[in-house]
Amino acid sequence: MVARLDNVRAGYVATDYAGAAINFAGDTDFQSMDNLELLITADALFHNDDFLASDTAYEEFNQRNIELTDGDIMREATTLLAGNMANDYRPYMMDALFVSYYQLWDALAMGNMDDARVIINQSYARQQKMSREYADLISEIQNQSVDNPALAVQLQNENAQWGAFRDIMNPALTYLAGIYFLNMGDFDNAKTYLRRANGMMPDNKYIERDLRDADAGRIPTDTVWVFVEDGFAPKLVEERMDMPVFIGNSTSILSLALSRPIFLPNIVSIDDAEIVADVDAMFMTEYGQYRINEAIRAMASATARVAMQSAFYNSSNDYMPLVGLFTTAYSMASTNAEVRTWATLPKTISVLRVARDKSGLIELKSGGNVIAQIPVQGDGNWMVYIRTGANAYDVKPIRIK
């Protein structure tokens with residue numbers, strides 16, 4: 001799985017979005033895809049300008065994942081018996097917010113301004129719900145930590161640096177909504193969303209500029225907002241331990257597998273762009289809580305399996321040690337960590353707010369060098385979505401006003 005997700009990232013760096021999705025999902029039927037295949041396919045369709053199909057795929061995801069944090073007894077049983085990878089990918093709460101983010105871009109690209117408003121309203125309700133569910137998740141982890149307090153405290157300390165993002169909100173989505181309302185002349189909603197975005201990403205001069213316009217009841221003119229997605233969110237790898245445990249007259253094997261995040265580098269730095277979403281921080285805030293849960297459950301599962309092996313090995317029945325041998329082999333084979341993530345999410349989302357001049361071209365610079373020219377032919381205000389690659393970029397200019 002780690003290698004398959006690396007291949008997806010490599011496809012995105014080469015701007016081969018469709019190839020990356022097809023190689024990963026191996027299918028084109030949304031209903032037959034699992035959650036992760038669906039997310040990667042929907043994202044690839046967006047990059048290939050098939051906005052309607054992308055939105056349809058995201059809606060399929062939404063219908064499946066209404067309650068992201070509800071308990072699932074069958075899922076827990078499957079994890080215990082066959083390991084994490086035997087289950088369908090369980091999305092992070094931030095995944096659902098990114099679905100809203102990309103659906104909003106889909107709507108804007110198709111010129112469906114009324115749909116865009118509906119998506120914004122739905123996304124805000126989702127953000128509020130996610131915030132409450134995240135608080136419940138923290139409470140649940142704290143209760144489970146009683147069983148293994150030392151491990152829980154260690155992991156909580158390691159994750160403490162991400163506490164500033166504990167609301168798991170998506171400031172890029174909030175800012176995008178604020179720009180939409182500002183251009184629609186809905187200044188009350190524009191002020192609400194831009195103030196939220198400003199609170200999440202303080203000192204961003206572009207957000208502050210738009211907030212001043214909203215406070216003044218002023219729609220910007222001949223303005224272009226450029227959203228740049230760069231790099232990739234952290235990937236997960238498995239760290240595994242298989243060690244002998246001596247109980248009675250036998251030796252059992254304790255197998256433990258946990259995930260570990262690896263932070264990936266940026267691809268390119270855009271001059272004058274300011275970060276509007278640190279996706280690494282968003283991911284780590286939520287992952288930090290799941291990691292504690294994963295570690296506690298993995299330890300409990302490993303202990304239970306060792307006890308089962310020992311019972312077979314120390315049985316007076318001549319055939320039971322053979323059963324114990326099979327149990328040991330199965331325990332080692334079925335112990336795995338959850339290493340799946342929505343691999344195509346960016347590391348950072350930055351924004352550039354520039355004036356549109358008569359040339360109709362916006363120059364994108366890195367280190368003072370022009371790396372791309374964005375055509376914005378026509379009057380009015382524009383929004384531009386950019387996904388960086390190694391030598392090429394996915395650029396989507398959208399006239400919004």
Side-chain angles (χ1 to χ4, degrees), residues 1-12 14-70 72 74-75 78 84-112 114-116 118-123 125-127 129-130 170 173 176 229 232-233 235-236 279 283 338-346 385 387 394 396 398:
M1 180 56 68
V2 172
R4 289 176 65 199
L5 293 176
D6 281 342
N7 287 337
V8 171
R9 296 184 188 94
Y12 266 58
T15 64
D16 182 14
Y17 310 110
I22 291 172
N23 289 337
F24 183 81
D27 202 344
T28 56
D29 179 16
F30 298 156
Q31 293 186 345
S32 66
M33 294 179 183
D34 65 27
N35 277 331
L36 190 54
E37 292 169 345
L38 194 58
L39 289 173
I40 290 175
T41 299
D43 191 56
L45 288 167
F46 168 73
H47 288 297
N48 279 353
D49 297 340
D50 195 343
F51 305 117
L52 182 59
S54 172
D55 182 70
T56 301
Y58 282 131
E59 272 306 303
E60 174 69 23
F61 172 88
N62 286 334
Q63 293 303 313
R64 291 187 196 178
N65 299 281
I66 297 174
E67 302 292 343
L68 289 180
T69 60
D70 280 0
D72 187 333
M74 287 301 298
R75 185 181 184 88
T78 302
N84 285 288
M85 301 300 289
N87 286 309
D88 187 9
Y89 171 67
R90 183 168 188 169
Y92 288 80
M93 286 182 274
M94 63 171 277
D95 289 354
L97 298 182
F98 267 101
V99 167
S100 295
Y101 176 71
Y102 290 121
Q103 282 191 294
L104 181 52
W105 276 111
D106 278 329
L108 293 173
M110 290 187 288
N112 296 336
D114 290 339
D115 289 349
V118 172
I119 292 167
I120 291 170
N121 292 335
Q122 290 174 340
S123 69
R126 174 173 282 175
Q127 282 187 325
K129 183 178 180 181
M130 295 290 179
N170 185 337
L173 171 61
L176 188 60
E229 294 189 358
F232 297 97
K235 78 173 189 177
L236 298 180
V279 185
F283 175 81
E338 175 59 273
V339 295
R340 291 170 292 186
T341 61
W342 186 355
T344 60
L345 290 181
Y385 170 92
R387 184 57 157 107
D394 176 26
K396 303 185 189 306
I398 300 166

Sorted by chain and residue number, the salt bridge (Lys or Arg N to Asp or Glu O under 4.0 Å) partners of Asp49 (sequence neighbours excluded) come out as Lys396
CG of Asp16 to CG of Asn23, rounded to nearest 0.5 Å, is 7.5 Å
### Task
Taking the side chain as every heavy atom from C-beta outward, state whether Asp115 and Met110 have any pair of such atoms under 4.5 Å apart.
no
With sequence neighbours left out, the residues meeting side chain to side chain contact (heavy atoms under 4.5 Å, CB included) with Asp114 are none
Residues at least two apart in sequence or cross-chain that pass side chain to side chain donor-acceptor pair (under 3.5 Å) with Tyr102, listed by chain then number, are Glu229
Between Ser54 and Ala42 the two heavy atoms that sit nearest each other are OG-O, 3.0 Å
Across all chains, not counting sequence neighbours, the ring pair (Phe, Tyr, Trp, His ring centres under 6.0 Å) partners of Phe232 are none
Applying ring pair (Phe, Tyr, Trp, His ring centres under 6.0 Å) to Phe24 and not counting sequence neighbours gives none
What one should report as the nearest heavy-atom pair of Ser123 and Leu173 is CB-CD2, 3.8 Å
Please examine the side chains of Asn62 and Gln122, heavy atoms only from C-beta on, and report whether any two atoms are closer than 4.5 Å. no
Hits for side chain to side chain donor-acceptor pair (under 3.5 Å) against Thr41, two or more places apart or cross-chain, chain-then-number order -> none
Taking the side chain as everything from C-beta on, heavy atoms only, tell me whether Leu236 gets closer than 4.5 Å to Leu5. no
Residue pairs meeting salt bridge (Lys or Arg N to Asp or Glu O under 4.0 Å), one or both in residues 51-63, sequence neighbours left out, come to Glu60-Arg64
Taken in chain and number order and not counting sequence neighbours, the residues that satisfy side chain to side chain donor-acceptor pair (under 3.5 Å) with Thr341 are none
Q. Does Trp105 reach the side chain of Ile398, with side-chain heavy atoms less than 4.5 Å apart?
A. yes
Between the CZ atom in Phe46 and the OH atom in Tyr101, the distance rounded to the nearest 0.5 Å is 8.0 Å
What one should report as the nearest heavy-atom pair of Ile40 and Val8 is CG2-CG1, 4.2 Å
Derivation and outcome, side-chain contact (heavy atoms from CB on, under 4.5 Å), residues Asp95 and Leu345
CA-CA 9 Å; Asp95 289 354; Leu345 290 181; 3.9 Å; yes
Sequence neighbours excluded, the answer for salt bridge (Lys or Arg N to Asp or Glu O under 4.0 Å) partners of Arg4 is none
Correct closest heavy-atom pair for Met33 and Ala25 would be CE-CB, 4.3 Å
For Thr56, the side chain to side chain donor-acceptor pair (under 3.5 Å) test, sequence neighbours excluded, returns none
Checking Val279, Asn170, Val99 against Met94 for side chain to side chain contact (heavy atoms under 4.5 Å, CB included), the one that qualifies is Val279
d(Asp106 CG, Asn112 CG) to nearest 0.5 Å is 9.5 Å
CZ of Phe98 to CG of Leu39, rounded to nearest 0.5 Å, is 12.0 Å
Taken to the nearest 0.5 Å, the spacing of Trp342 CH2 from Tyr89 OH works out to 8.5 Å
Scanning both residues in full, the closest heavy-atom pair of Asn35 with Pro91 reads ND2-CD, 3.8 Å
Taken in chain and number order and not counting sequence neighbours, the residues that satisfy side chain to side chain contact (heavy atoms under 4.5 Å, CB included) with Ala116 are Leu104, Ala107, Leu108, Tyr180
Okay, side chain of Asp34, backbone of Asp88: is any donor-acceptor separation there less than 3.5 Å?
no
Taken in chain and number order and not counting sequence neighbours, the residues that satisfy ring pair (Phe, Tyr, Trp, His ring centres under 6.0 Å) with Tyr17 are Tyr12, His47
